[in-house]
Colleague: 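Below you will find the structure I want to go over with you.
Values below: every heavy atom of this structure, side chains too, minus hydrogens, waters and symmetry copies.
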Amino acid sequence: MATLPAGLTAYKQTPSFTEATLPSALRAEHQTKPGVWAQIVMEEGKLEYTCARGTFVLQPGVLGVVEPASVHSVRPLQTVRFYVLFMRTESGEAHG
């Protein structure tokens, strides 16, 4: 999985999602905009995160890193609660 580059600023956070409230659009392949990084922050449970770099199991203490414009999807593996934090550089440019 990628690591977040230095110099990113958080600008938006989703509400917490559960396996019952997870939008279907996040279960399907989707991507962030160019220049936008995201961090999947697990509060409870296990979530499968699939991206170009592979498939990873996220859980509390294991953050998911979404690279700009990278196609990815998530799938709950059990009861989950998580949110997504969106970040970009001050200039809005992609790094990595």
Side-chain angles (χ1 to χ4, degrees):
M1 188 170 359
T3 56
L4 292 171
L8 295 177
T9 301
Y11 72 92
K12 182 179 175 184
Q13 179 178 317
T14 68
S16 290
F17 297 116
T18 67
E19 69 284 356
T21 63
L22 177 61
S24 59
L26 296 184
R27 294 175 190 256
E29 289 189 342
H30 62 286
Q31 62 191 49
T32 59
K33 295 178 181 178
V36 175
W37 289 79
Q39 189 171 47
I40 302 169
V41 181
M42 297 299 300
E43 299 173 292
E44 176 185 344
K46 292 184 179 179
L47 185 73
E48 182 180 85
Y49 167 56
T50 301
C51 63
R53 294 183 186 253
T55 298
F56 305 90
V57 175
L58 308 180
Q59 57 193 336
V62 178
L63 300 170
V65 176
V66 181
E67 297 174 77
S70 175
V71 175
H72 61 281
S73 62
V74 297
R75 181 174 67 96
L77 297 176
Q78 55 186 217
T79 300
V80 297
R81 190 173 74 246
F82 70 97
Y83 62 90
V84 181
L85 184 63
F86 294 95
M87 294 168 272
R88 60 184 167 213
T89 63
E90 287 294 323
S91 65
E93 296 175 1
H95 286 214

Colleague: Please find the pair of heavy atoms, one from P68 and one from G35, that lie closest to each other, and give the distance.
Modeller: CB-N, 3.5 Å
Colleague: Please report the interatomic distance OG1(T32) to CH2(W37), rounded to the nearest 0.5 Å.
Modeller: 9.0 Å
Colleague: Would you mind reporting whether Q59 and L47 have side-chain heavy atoms less than 4.5 Å apart?
Modeller: no
Colleague: Among residues at least two apart in sequence or on other chains, which ones pass side chain to side chain donor-acceptor pair (under 3.5 Å) with S73?
Modeller: none
Colleague: Examine distances only and state if a side-chain atom of H72 and a backbone atom of Q31 form a donor-acceptor pair shorter than 3.5 Å.
Modeller: no
Colleague: Treating Y49 as the side-chain partner and V65 as the backbone partner, does any N or O pair qualify as donor plus acceptor under 3.5 Å?
Modeller: yes
Colleague: Taking C-beta and beyond as the side chain, do M42 and V80 meet within less than 4.5 Å on heavy atoms?
Modeller: yes
Colleague: Please examine the side chains of F56 and V62, heavy atoms only from C-beta on, and report whether any two atoms are closer than 4.5 Å.
Modeller: no
Colleague: Does T79 reach the side chain of E19, with side-chain heavy atoms less than 4.5 Å apart?
Modeller: yes
Colleague: Quick one: list whatever passes side chain to side chain contact (heavy atoms under 4.5 Å, CB included) with V41, sequence neighbours left out.
Modeller: Q39, L63, Y83
Colleague: Just to verify, what does T18 make a side chain to side chain donor-acceptor pair (under 3.5 Å) with, not counting sequence neighbours?
Modeller: T21
Colleague: Are F17 and L77 linked, directly or through intermediate hydrophobic residues, by side-chain heavy-atom contacts shorter than 4.5 Å (ILVMFWY only)?
Modeller: no
Colleague: Partners of T55 by side chain to side chain donor-acceptor pair (under 3.5 Å), sequence neighbours excluded?
Modeller: T50
Colleague: Let me see the working for T89 and L8 under side chain to side chain contact (heavy atoms under 4.5 Å, CB included), right down to the final yes or no.
Modeller: CA-CA 5 Å; T89 63; L8 295 177; 3.9 Å; yes
Colleague: Under a 4.5 Å cut-off applied to non-hydrogen side-chain atoms, are Q13 and F86 in contact?
Modeller: no
Colleague: Sequence neighbours left out, what pairs pass salt bridge (Lys or Arg N to Asp or Glu O under 4.0 Å) with at least one residue falling in residues 31-49?
Modeller: E43-R81, E44-R81, E48-R75
Colleague: Say you draw a straight line from CZ of F82 to CG of L58; how long is it, rounded to the nearest 0.5 Å?
Modeller: 9.0 Å
Colleague: Do L22 and R27 touch side chain to side chain, with heavy atoms closer than 4.5 Å?
Modeller: yes
Colleague: Using the test side chain to side chain donor-acceptor pair (under 3.5 Å), find all partners of S24 that sit at least two apart in sequence or belong to another chain.
Modeller: none
Colleague: Where is the tightest heavy-atom contact between R53 and E67, given as atom of each residue plus distance?
Modeller: NE-OE2, 2.6 Å
